[in-house]
Amino acid sequence: LDSGSDVVIEYGGGIYYNPGSEEAREHIVAGVEEIVRNYDVDGIHLDDYFYPGTDFNDTETFARYGADVNSNDDWRHENVNTPSLADEARHTLDPELSFGVSPAGIWANKSENSRGSDTHGQSSYSELYCDSLEWIRRGTVDYICPQLYWAIGYKAADFETLVRWWQK
């Protein structure tokens, strides 16, 4: 990958693939295709497939690719909804493989979205632009394995509350 392009962006001391970069998405799909073609695997699983924060510096990428979208938030949601590209690639190569993603455990808090959980933590929908409910609606994942690391009784994000929410 060309390090001078918009493929990767430095953020918070790390280097991240830019979800808005077409080249970065093509690179991820090529990686999925390489794995499926060359290894005997039962599935492909993506972990933490989202933006690392609302202050991620993708202004130039938005100016280049997001001109026809209402807002940067809508554009970011659609960028993160593109695991379907990897899903399509693996289905073409081997329709029997499973494809899943591990989103952050809180899709949205009920206080910000009526469909959200009764929690008070970081929202993967509004803060990380991860709309795992949309992936389920579109059928672009075979399974969701949410990151539910909180204890039973933890007020901000109770494990039992979240397990029940995800089950629904």
Side-chain angles (χ1 to χ4, degrees), residues 1-69 72-108 122-125 127-150 159 162-163 165-167:
L1 293 173
D2 177 8
S3 61
S5 71
D6 66 350
V7 174
V8 295
I9 293 178
E10 290 186 40
Y11 177 85
I15 298 175
Y16 291 82
Y17 283 120
N18 179 358
S21 165
E22 291 181 18
E23 186 180 352
R25 289 194 300 263
E26 289 170 5
H27 178 71
I28 292 167
V29 170
V32 168
E33 290 174 341
E34 177 183 348
I35 291 167
V36 173
R37 281 192 182 104
N38 296 310
Y39 301 95
D40 183 20
V41 296
D42 294 325
I44 299 293
H45 183 86
L46 298 179
D47 189 36
D48 289 353
Y49 191 84
F50 44 76
Y51 283 84
T54 57
D55 57 345
F56 190 73
N57 187 9
D58 59 355
T59 306
E60 290 178 25
T61 313
F62 177 66
R64 184 176 312 143
Y65 300 116
D68 60 343
V69 180
N72 194 357
D73 287 350
D74 290 344
W75 177 73
R76 283 179 170 181
H77 278 120
E78 193 53 34
N79 291 335
V80 178
N81 284 340
T82 59
S84 61
L85 297 174
D87 180 56
E88 291 166 14
R90 70 96 188 165
H91 267 108
T92 301
L93 295 169
D94 185 346
E96 299 301 314
L97 289 178
S98 294
F99 177 67
V101 181
S102 285
I106 299 174
W107 176 75
Q122 184 181 46
S123 161
S124 65
Y125 179 79
E127 296 174 61
L128 306 176
Y129 305 96
C130 172
D131 191 356
S132 45
L133 294 185
E134 182 64 13
W135 304 342
I136 294 166
R137 188 191 71 73
R138 290 183 184 184
T140 56
V141 293
D142 295 313
Y143 66 90
I144 296 273
C145 184
Q147 298 175 29
L148 302 178
Y149 304 126
W150 300 283
F159 178 81
L162 284 163
V163 166
W165 186 89
W166 280 102
Q167 284 175 329

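Numbers here are sequence positions counted from 1.
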Assign the ring pair His27 / Tyr17 to parallel, tilted or perpendicular, where the plane angle (0 to 90°) is split at 30° and 60°.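 Answer is tilted, since the angle falls between 30° and 60°.
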Plane angle bin for Trp75 and Tyr51 - parallel if under 30°, tilted between 30 and 60°, otherwise perpendicular: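 The arrangement is tilted - the two ring planes meet at 30° to 60°.
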Under 3.5 Å: donor-acceptor pair, side chain of [X], backbone of [Y]:
X	Y	answer
His45	Ser98	no
Asp142	Phe99	yes
Thr61	Ser21	no
Thr54	Glu127	no
Ser123	Trp107	yes
Asn18	Ile9	no

Quick check: closest heavy atoms across [X] and [Y], and the distance to 0.1 Å?
X	Y	result
Ile106	Gln122	CB-O, 3.5 Å
Ala104	Ser124	CB-CB, 3.8 Å
Gly53	Tyr11	CA-OH, 3.6 Å

I want to check something: taking the side chain as every heavy atom from C-beta on, are [X] and [Y] in contact at a cut-off of under 4.5 Å?
X	Y	value
Ile144	Pro103	yes
Pro19	Phe56	yes
Asp6	Arg64	yes
Tyr125	Val80	no

Gap between atom [atom2] of [Y] and atom [atom1] of [X] - 0.5 Å precision:
X	Y	atom1	atom2	result
Asp74	Asn79	CG	CG	11.0 Å
Phe50	Arg76	CZ	CZ	13.5 Å
Ile35	Leu93	CD1	CG	11.5 Å
Glu33	Thr92	CD	OG1	8.0 Å
Tyr65	Glu60	OH	CD	11.5 Å
His77	Asn72	NE2	CG	10.5 Å

Counting only heavy atoms not in Gln147 (residues, nucleotides, ligands), do more than 12 fall under 6.0 Å from its CD?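 It does: Gln147 CD has more than 12 such atoms within range.
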More than 12 heavy atoms from other groups under 6.0 Å of CG on Asp42: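 12 or below, so no.
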Any Lys/Arg nitrogen of Glu78 or Arg138 sitting under 4.0 Å from an Asp/Glu carboxylate oxygen of the other? yes
Taking the six-membered ring for Trp, are Trp150 and Phe159 closer than 6.0 Å centroid to centroid?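 That pair fails the under 6.0 Å test.
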